[in-house]
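Counting starts at 1 for both ligands and their atoms, in listed order.
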Amino acid sequence: MDSSKMTAETPLSPHADGLHIGNSLTREKERFVPINAPYVGMYVCGPTVYSNVHLGNVRTFLTFDVVYRYLLHLGYKVRYVRNITDVGHLTGDTDDGEDKIGKKARLENLEPMEVVQRYTNDFHDVMRVFHILPPSIEPTATGHIVEQIGMISDIIDNGFAYESNGSVYFDVRKFADDHDYGALSGRRIDELQNQTRALEGQNEKRDPLDFALWKKADSSHLMQWPSPWSEGFPGWHLECSVMSTKYLGKTFDIHGGGMDLKFPHHECEIAQNIGAHGGDRPVRYWLHGNMLTVNGRKMSKSEGNGFTPEELITGNHKLLEKGYSPMTVRFFMLQGHYAGTLDFSNPALQAAEKGLERLMSAWGTLNTLQPVEGPEACPDLDALKNRAYAAMNDDFNTPVLIAVLYDAVKAINSMASGRMSVTAEGIALLQALFADFAHDILGLEPEMPEGGGHDRTDGLMEVLCAVRAEAKANKDWATADLIRDRLVELGVQIKDGKDGTSWTFD
Ligand code: AMP
Ligand code: ZN
């Protein structure tokens, strides 16, 4: 599925009316009313490209992938902007420390843009592996230095920022006189005052609460640009204000990111937008994806509990009992609602693996199903579809949607065994349910074995199973057992079921 399939004639689904979004700004579930339907503008904070993406990052981008997919499915014409942070994000995550990319470049003796390219490539590879759709625009911070300087000038002109020793800081107290600084994160300015540590550059600030819009660079700084104030670089929060408003307008529909970005990053973005452009609510709906944790702790590079997708797939990490496929991980993550934390564990991944197998296998069965008359009546399949929409309309509730799909799986299996009736129309409805909700919206696809497709291994296994079935039919138990035992020795488990023989690899 991609947005290019949507044409001007694609009508908005009648279900679009029912979509409700958990808005972190108002802390309410609100009906989604775009500013200029059927167009929707959505901005999501992208990665800082100084290291390999870990699975926690994947969760956040997956959350917004499903939001994007569902909006497209409803017929909205979405402009989805997800940036690449390639300058300005400092190791202290505030105004102190070294630039994360500059530091990596210094340590590895690389050009900063080499670091950026390497990890941007990695990020794109990972997104592809997990079926996360590319955004409509993927702007970079370094590509928007001119616009960032322009926005700083506007904020200074409006009286919300000041220059100090070649750097420019946002005047938080001045802003807070007339605006609700802290509205998004729920932090109160007095509490913040007490928590603020004495940091580098603090003596340049009028108040420790102020944050940098532009920082003067010393000569050791690898990335720097000329500006009216100094040779320097932009503050981290600024790029997102600049790039979201440049591509989506001064007021736009949805802004997303991980929960950990609410403060200071998003709070500062709001202040900058209002400081530059006026208004009072530059973003209508704020969405925050919750964290992926390991044993209750946020997965992160610095904690040492953040494994890369490659480690996950190969199983080559101390936290992993075995490797898991990208679709299993995608399914595992979708089994939790995005607003709640999700704890990584091997048993949970193994349960997801089985659950996904059940879903995929029923989906396969569905495509071979013929209309049947059974003793049990077919359930109301329209109701199933309506429940699927109701789940997604309730703040993108993917776990409830998955429960609806499992109900469809139960029905399909009963139909296949002849216990339940189904008409040709019913089969078509189920097929549409899987195509829309499992494939297009949840982004689940049958996985190909290594090497791709229904490969030679599958073919060989089918031949072996056919020979074994023939042997059993001839009551040649010795041959049948010999095949099974030799396969077990090779790490292949075979299982005889009513629909034939299936196999799994250890
Ligand atoms: P970064 O590259 O650190 O700026 O992070 C990129 C995105 O991943 C941000 O939206 C973060 O909020 C998000 N993120 C980082 N760690 C996690 C985690 N453990 N779980 C979910 N999202 C995360
Ligand atoms: Zn951002």
Side-chain angles (χ1 to χ4, degrees), residues 24 42-65 67 81-94 99-101 104 115-116 119-120 122-123 126-127 130 132 135 138-141 144 148 184-185 211 234-248 252 254-273 282-283 286-309 312 319 329 332-333 336-344:
S24 329
M42 172 160 97
Y43 184 89
V44 171
C45 293
T48 305
V49 282
Y50 71 103
S51 68
N52 292 106
V53 176
H54 62 68
L55 209 60
N57 307 129
V58 173
R59 182 180 188 209
T60 289
F61 299 120
L62 172 61
T63 290
F64 294 101
D65 184 52
V67 170
V81 183
R82 190 185 64 207
N83 70 305
I84 295 278
T85 297
D86 57 355
V87 70
H89 194 170
L90 305 186
T91 48
D93 282 330
T94 51
D99 185 287
K100 292 190 182 197
I101 288 153
K104 183 84 173 182
V115 173
V116 165
Y119 295 110
T120 302
D122 169 72
F123 173 63
V126 170
M127 294 297 100
F130 285 94
I132 293 172
E138 194 175 54
T140 61
H144 294 76
Q148 295 190 71
L184 177 69
S185 58
F211 59 89
W236 170 40
H237 314 307
L238 192 64
E239 59 171 287
C240 289
S241 283
V242 163
M243 296 189 282
S244 59
T245 53
K246 170 161 176 156
Y247 297 110
L248 301 175
F252 59 94
I254 300 177
H255 192 314
M259 200 79 96
D260 54 341
L261 298 185
K262 245 190 207 180
F263 190 87
H265 188 56
H266 291 159
E267 200 69 66
C268 295
E269 267 189 56
I270 296 174
Q272 290 166 158
N273 288 17
V283 175
W286 280 92
L287 257 83
H288 287 97
N290 214 327
M291 297 293 104
L292 181 69
T293 57
V294 184
N295 297 323
R297 298 172 78 105
K298 176 187 166 190
M299 180 180 282
S300 76
K301 260 241 130 37
S302 51
E303 286 270 348
N305 64 357
F307 40 82
T308 63
L312 180 87
L319 285 168
V329 176
F332 159 70
M333 289 185 179
H337 186 245
Y338 75 86
T341 54
L342 179 69
D343 200 48
F344 176 90

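Between M333 and R59 the shortest heavy-atom distance is SD-CA, 3.6 Å. Taking all atoms of both residues into account, the shortest heavy-atom contact from P309 to V58 is CG-CG2, 4.2 Å. What you find for N83 and C240 is that their closest heavy atoms are ND2-SG, 4.0 Å. Across all their heavy atoms, K104 and V115 have their closest contact at CG-CG1, 3.8 Å.
Here the two rings, on F307 and F344, have centers that are under 6.0 Å apart.
Taking 2.8 Å as the limit, the number of protein N, O or S atoms around the Zn ion (ligand 2) is 3.
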Check against ring pair (Phe, Tyr, Trp, His ring centres under 6.0 Å), F61 and F123: CA-CA 11 Å; F61 299 120; F123 173 63; 5.2 Å; yes
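S24 places a side-chain N or O within donor-acceptor distance of the main-chain N or O of W286, the cut-off being under 3.5 Å. Panel note: side chain E267, backbone S185; a donor-acceptor pair is recorded below 3.5 Å.
A distance limit of 4.0 angstrom between heavy atoms and ligand 1 selects the residues P47, T48, H54, G56, N57, T60, F61, H89, G258, D260, L261, N290, M291, L292, K298, M299.
Donor-acceptor pairing under 3.5 Å is recorded for the side chains of T293 and D343.
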